[in-house]
Amino acid sequence: MTQTTPPPTPGPAVLPPALRGWLGPVAGSAASVVALLGVRYAGEGGPGRADARVGAAVEGVRPPWRSVALLLDSLGEPAGATALVMAVVTGCLLLRRPRAAVFTVAAVGATVGAATLLKHLVGRTIHGENLSYPSGHTAFATSLALTVALLATGRPGQDGHPGRYGFGLAAALVAGAAMGWAQVALGAHYPTDALAGWCTALALVPVTARLVDRTADRRARRRADAGRQPGH
């Protein structure tokens with residue numbers, strides 16, 4: 001009797017099916033905010049009216065909050081950011097979730113890359129020559145936090161109503177907002193820069209997750225079809 005190779009089992013989706021319809025409009029709205037603010041502040045070198053009001057209430061924090069802001073800021077620097085991403089990727093591989101590892105790198109890379117490109121396209125500056133729109137630190141922190149939240153709440157056998165993911169996603173958004181606060185408090189960015197960085201992650205993480213899922217599922221189907229061919 002001819003033995004057949006069982007078809008490979010695809011890994012769990014990184015974007016839970018229950019969230020696909022819900023996060024699509026969120027991503028579109030976030031992208032619109034980034035675009036509108038980018039047009040509004042293109043080429044400028046100072047705060048807008050909203051920036052001035054919010055910045056006056058946030059900037060110049062005193063200890064111990066300044067220490068908290070500095071700690072958060074360090075996590076968005078190249079060394080800290082790389083360590084965080086590698087920790088998440090290592091965890092995914094140890095849990096035998098290679099798709100999740102790919103998603104982590106792709107989502108963070110796409111978000112940070114988009115934020116860097118937007119800085120040059122928009123050309124907004126702070127403190128003279130420093131490109132500020134959007135905040136790359138905020139974009140990074142929000143994207144990584146959203147990625148971890150999706151992977152944690154969307155683990156195998158845990159799918160369900162979108163509402164059950166609310167706590168994890170809310171915590172991720174708060175983590176991103178905390179980095180945005182730190183950037184404004186330290187005077188590194190205007191408040192609208194931080195908002196745009198936050199929205200950049202909201203726009204790109206769901207899209208990246210969907211692309212990773214589609215690509216991985218397509219490859220799994222091709223391997224399954226090859227396994228059913230005669231002689232395999």
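Checking each of L204, L144, V88, V89 against V108 for a side-chain contact (heavy atoms from CB on, under 4.5 Å) leaves exactly one that passes, namely L144.
Residues L131 and L37 do not share a hydrophobic cluster, defined by chaining ILVMFWY side chains whose heavy atoms lie under 4.5 Å apart. V112 and V212 fall into different hydrophobic clusters, where Ile, Leu, Val, Met, Phe, Trp and Tyr residues are linked whenever their side-chain heavy atoms come under 4.5 Å apart, directly or through other members. V34 and V122 fall within a single hydrophobic cluster, where Ile, Leu, Val, Met, Phe, Trp and Tyr side chains are chained together by heavy-atom contacts under 4.5 Å. In the hydrophobic clustering of ILVMFWY residues, with side-chain heavy atoms under 4.5 Å counting as a link, V105 and V148 come out together. Transitive grouping of hydrophobic side chains (ILVMFWY, heavy atoms separated by less than 4.5 Å) keeps V58 and L195 in distinct clusters.
Inter-residue side-chain proximity for D73 and Q183 is flagged as met; some heavy-atom pair is nearer than 4.5 Å. Using a 4.5 Å heavy-atom cutoff, the side chains of H137 and L72 are not in contact. K119 is not listed as a side-chain neighbour of R124, based on a closest heavy-atom distance of 4.5 Å or more. The shortest distance between side-chain heavy atoms of L202 and L173 falls below 4.5 Å. You'll find the side chain of P134 stays beyond 4.5 Å of the side chain of D193, heavy atoms only. Proximity of R99 to P12: side-chain heavy atoms (C-beta onward) are nowhere separated by under 4.5 Å. Residues W181 and T138 have side chains not in contact (no heavy-atom distance under 4.5 Å, counting atoms from C-beta outward).
The two residues A149 and G168 make their nearest non-hydrogen contact at CB-O, 3.4 Å. Of all the heavy atoms in A175 and A145, the pair that sits closest is CB-CB, 3.9 Å. Here the closest heavy-atom approach between residue T200 and residue A114 is recorded as CG2-CB, 4.3 Å. Here the shortest heavy-atom pairing between A69 and L186 reads O-CD1, 3.7 Å. Of all non-hydrogen atoms in A139 and T111, the two that sit nearest each other are O-CG2, 3.5 Å. Between I126 and G187, the shortest heavy-atom distance links the atoms CD1-O, 3.7 Å.
Remark: side-chain polar atoms of S143 are paired, donor with acceptor, to backbone N or O of F140 under 3.5 angstrom. Between the side chain of R20 and the backbone N or O of L15, at least one donor-acceptor pair lies under 3.5 Å. Judged purely by atom type and a 3.5 angstrom limit, T104 uses its side chain to pair as donor or acceptor with the backbone of A100. H127 contributes no side-chain N or O that, together with a main-chain N or O of H189, makes up a donor-acceptor pair within less than 3.5 Å. Here the side chain of D213 pairs a donor or acceptor atom with the backbone of V14 at under 3.5 angstrom. Side-chain atoms of W198 do not come within 3.5 Å of backbone N or O of G180 as any donor-acceptor pair. S74 contributes a side-chain N or O that, together with a main-chain N or O of L71, makes up a donor-acceptor pair within less than 3.5 Å. Checked by atom type and distance alone, the side chain of Y190 pairs as donor or acceptor with a backbone atom of T125 at under 3.5 Å.
The line from CZ of F103 to OG1 of T147 is 4.0 Å long, rounded to the nearest 0.5 Å. L118 contributes atom CG, which lies 12.0 Å from atom OG of S135 (distance to the nearest 0.5 angstrom). Distance CG/L23 to OG/S29: 11.5 Å, rounded to 0.5 Å.
Within the structure, the side chain to side chain donor-acceptor pair (under 3.5 Å) test picks out the following pairs touching residues 34-43 (sequence neighbours left out): R40-E44.
Using a 4.0 Å cut-off between a side-chain N of Lys or Arg and a carboxylate O of Asp or Glu, R210 and D217 do not qualify as a salt bridge.
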